Amino acid sequence: MTPSFRIASLLDKQPIGQAVEINGWVRTRRDSKDFSFLEINDGSCLRNLQVIVEAGLANYQQEVLRLSTGCSVRVRGMLAASPAKGQSVELKAAEIWVYGWADPETYPLQKKRHSFEFLREIAHLRPRTNSLGAVARVRSALSFAVHRFFQERGFQYVHTPIITTSDCEGAGEMFTVTALDLDNLPRKEGRTDFGQDFFGRQASLTVSGQLEAEIYCLALGQVYTFGPTFRAENSNTSRHLAEFWMIEPEMAFCDLAQDMAVAEEFIKYLVRHARENCAEDLNLFAGFVDKNLPARLEAVLSQDFARITYSEAVERLLASGRNFSYPVAWGADLQSEHERYLCEELFQGPLIVYDYPREIKPFYMRVNDDGKTVAAMDILVPGIGEIVGGSQREERYEVLLARLQELGLNQADYEWYLDLRRYGSVPHSGFGLGFERLIQFVSGMANIREVIPFPRTPGAAAF
RNA sequence: UCCCGGGUAGCUCAGUCGGUAGAGCAGGUGACUGUUAAUCACCCUGUCGGGGGUUCGAAUCCCUCCCCGGGAGCCA
């Protein structure tokens, strides 16, 4: 029986002179006088395998000459050194079996470059292209690297709920999950009565697994989550999705400085992993997507991330002499243009800004000794902006309670969260990293819709 | 959601002053060739985003809606 190979391993091992079998999709066919060239791709790597089909093959006239982009085939034959430039080995076909045809009159993918906007409309076919196939492999490799990084360091993987009833970050941005009859909603005091709903109260898709991760952090020490997250914000940009994947480590006995150190190490680990395991794919991005990609990734690995406090950032912005559209003032959140200036011009590389004013940050962030700031940090990277947001959590019961009241939140909703501070509370910290933004950063892909297989954005949830 | 810029052949786009449309690529046919974004010749392809209006006449001007891109806000 002929041994079957994935093209990646065939090109790696190069068993010249051996009979082999490959299965894949035709990328292109070129005919010569007495034979044809087929380029076969099976998704195992970016590269195609060149197949030589002699005109004497049984089904040459009837089938081989009809093969076009997208057809699926099995090829058995002899691997040989290639006499021509462009490839070191090629497969001399002894047998071609056509699994499925792809009518060239209607098959949308052509032997030419397509715009990403067009490919988005055919999300069921776009992974068959070089660039989207490469993105898919990089995404898979980075997913694996995420787990490896944390597992190597003794973190436990925690599955936090997708459906949640804790609306800790503001209700307006959440998707409601309901089993109620939408054409006949039960009403109570002028509003929908969620008491009659499946969970007995209003439930939503999670916007963050952090609060639940804290529970397991304060039992297992070091944990991380890696799962889908949902935001019903009507934001239409190249770096927002309604459904995206987020990684949220949470560490006990850990302060903000350690939190920042882990985040920096994590990002560097992922970049290094991609460079070492997806070199071919990254090379494609460097050639066709973002010329500066290699230099940018090198810069991430070769230098320490700059760290400045929010207050220092404000000073730098004020001293820049720039005329920003939004005024710079202590107490106001940094705008995109401010972050851009700091990250892309002033520091020209990843930058960590920390110790933000308490007024612009959520209740759970730890209040610093100055009483004015909280132990929060954002990591900004060139081209994308915020890729990580994290903080040391408020572990002091009285301070946390005061913060809840200060922000007008309903204490009853947070009793379990307060319990974590009533019983055996410890300093702890964590952060959230947007997985798609990381892939954008590592691949150079400009639009976040290209780095997730099936993007969900306002008005778009096809496939 | 707001501000800009777009939507014309399967794809990427051109289309002047308002006179009902073109190119390249793809596809088809043939020629040539260890080719590799193959090359050469010929051929085919249109609800000009939808709707309404102005006009003798609209891809072109006006209104409106939808979609896409860039930027902003929100954030990861």
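Remember, it's a predicted structure, so these values are computed and weren't measured experimentally. Below, read A as the first sequence line, B as the second, and so on, with proteins coming before strands; counting in each chain starts at 1.
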Minimum-distance nucleotide to A/Glu117 side chain [options: B/C68, B/U35, B/C74]: B/C68

A/Phe441 six-ring face occupied by A/Arg296 cation (under 6.0 Å, within 45°): yes

Derivation and outcome, ring-ring contact (aromatic ring centres under 6.0 Å, His included), residues A/Phe149 and A/His273: CA-CA 10 Å; A/Phe149 176 85; A/His273 184 92; over 10 Å; no

Determine all donor-acceptor pairs shorter than 3.5 Å in which one atom belongs to a side chain in residues 87-96 of chain A; sequence neighbours excluded.
from    : atom 1 : to      : atom 2 : distance (Å)
A/Gln87 : NE2    : A/Ser82 : OG     : 3.0
A/Gln87 : NE2    : A/Lys85 : O      : 3.2
A/Ser88 : OG     : A/Gln14 : NE2    : 2.9
A/Glu90 : OE1    : A/Gln50 : NE2    : 3.2
A/Glu90 : OE1    : A/Ser82 : OG     : 3.0
A/Glu95 : OE2    : A/Arg74 : NH2    : 2.6

Sugar-phosphate, base or nothing in reach of A/Gln50, heavy atoms under 4.0 Å: base

Touch class at under 4.0 angstrom, heavy-atom based, for A/Glu90 against every strand present: base

Sugar-phosphate only, base, or nothing, as touched by A/Lys92 at under 4.0 Å among non-hydrogen atoms: base

Sugar-phosphate only, base, or nothing, as touched by A/Phe118 at under 4.0 Å among non-hydrogen atoms: sugar-phosphate

Sugar-phosphate, base or nothing in reach of A/Asp31, heavy atoms under 4.0 Å: base

Pairing partner (Watson-Crick or G-U wobble, both distances under 3.5 angstrom) of B/C42: B/G28

Cation-pi check, A/Arg126 onto A/Phe118 ring (under 6.0 Å, within 45° of axis): no

Heavy atoms from other residues, nucleotides or ligands near CH2 of A/Trp97 exceed 12 (cutoff 6.0 Å): no

Sugar-phosphate only, base, or nothing, as touched by A/His114 at under 4.0 Å among non-hydrogen atoms: sugar-phosphate

A/Phe244 aromatic ring stacked with six-membered ring of B/A76, 5.5 Å and 30°: yes

A/Gln87 CD - B/A37 P separation (whole Å): 10 Å

Pair A/Trp245, A/Thr229: side-chain N/O donor-acceptor within cut-off below 3.5 Å: no

Watson-Crick or G-U wobble mate for B/C61, both contacts under 3.5 Å: B/G53

N or O in side chain of A/Arg239 less than 4.0 angstrom from B/A72 OP1/OP2: yes

Worked check of side-chain contact (heavy atoms from CB on, under 4.5 Å) between A/Tyr354 and A/Leu256: CA-CA 9 Å; A/Tyr354 64 101; A/Leu256 187 71; 4.0 Å; yes

Spacing of A/Met365 atom CE relative to B/C75 atom P, expressed in whole Å: 10 Å

Separation between the P atoms of B/G5 and B/C42, rounded to whole Å: 41 Å

Nearest to side-chain heavy atoms of A/Lys112, which nucleotide of B/C25, B/A76, B/G34: B/C25

Touch class at under 4.0 angstrom, heavy-atom based, for A/Ser32 against every strand present: base

A/Glu152 CD: over 12 foreign heavy atoms closer than 6.0 Å: yes

Separation of atom CG in A/Asp34 from atom C1' in B/A31, rounded to whole Å: 15 Å

Distance below 4.0 Å between A/Ser235 side-chain N/O and B/C75 OP1 or OP2: no

Side-chain N,O (A/Ser238) to OP1/OP2 (B/G70) below 4.0 Å: no

A/Asn236 side-chain N/O to B/G70 phosphate OP1/OP2 under 4.0 Å: no

Residue A/Gln110, side-chain heavy atoms: nucleotide from B/A76, B/U35, B/A26 that is nearest: B/A26

Pair assignment for B/U47, Watson-Crick or G-U wobble, requiring both distances under 3.5 Å: none

Sugar-phosphate only, base, or nothing, as touched by A/Thr229 at under 4.0 Å among non-hydrogen atoms: nothing

Short side-chain N/O contact from A/Arg340 to OP1 or OP2 of B/A72, under 4.0 Å: yes

Nearest-nucleotide pick for A/Asn234, side chain only, options being B/A72, B/U1, B/G34: B/U1

Euclidean distance for P, B/G50 against B/G10 (whole angstrom): 13 Å

Sugar-phosphate only, base, or nothing, as touched by A/Leu438 at under 4.0 Å among non-hydrogen atoms: nothing

Pairing partner of B/C2 (Watson-Crick or G-U wobble, both distances under 3.5 Å): B/G71

Options B/G34, B/C74, B/C75, nucleotide nearest the side-chain atoms of A/Thr237: B/C74

Atom P, compared across B/G24 and B/C43: separation rounded to whole Å: 12 Å

OP1 or OP2 of B/A38 under 4.0 Å from side-chain N/O of A/Arg30: yes

Sugar-phosphate, base or nothing in reach of A/Arg449, heavy atoms under 4.0 Å: sugar-phosphate

Tabulate protein N/O versus nucleotide N/O from nucleotides 27-30 of chain B, keeping only pairs under 3.5 Å, one per line.
from  : atom 1 : to       : atom 2 : distance (Å)
B/G27 : O2'    : A/Glu105 : OE1    : 3.1
B/G27 : O2'    : A/Glu105 : OE2    : 3.0

Sugar-phosphate only, base, or nothing, as touched by A/Gln335 at under 4.0 Å among non-hydrogen atoms: sugar-phosphate

A/Arg113 to A/Phe116, cation-pi by 6.0 Å centre distance and 45° axis angle: yes

More than 12 heavy atoms from other groups under 6.0 Å of CZ on A/Arg76: yes

Phosphate contact (B/U12 OP1 or OP2) by A/Ser115 side-chain N/O below 4.0 Å: yes

Touch class at under 4.0 angstrom, heavy-atom based, for A/Phe35 against every strand present: base

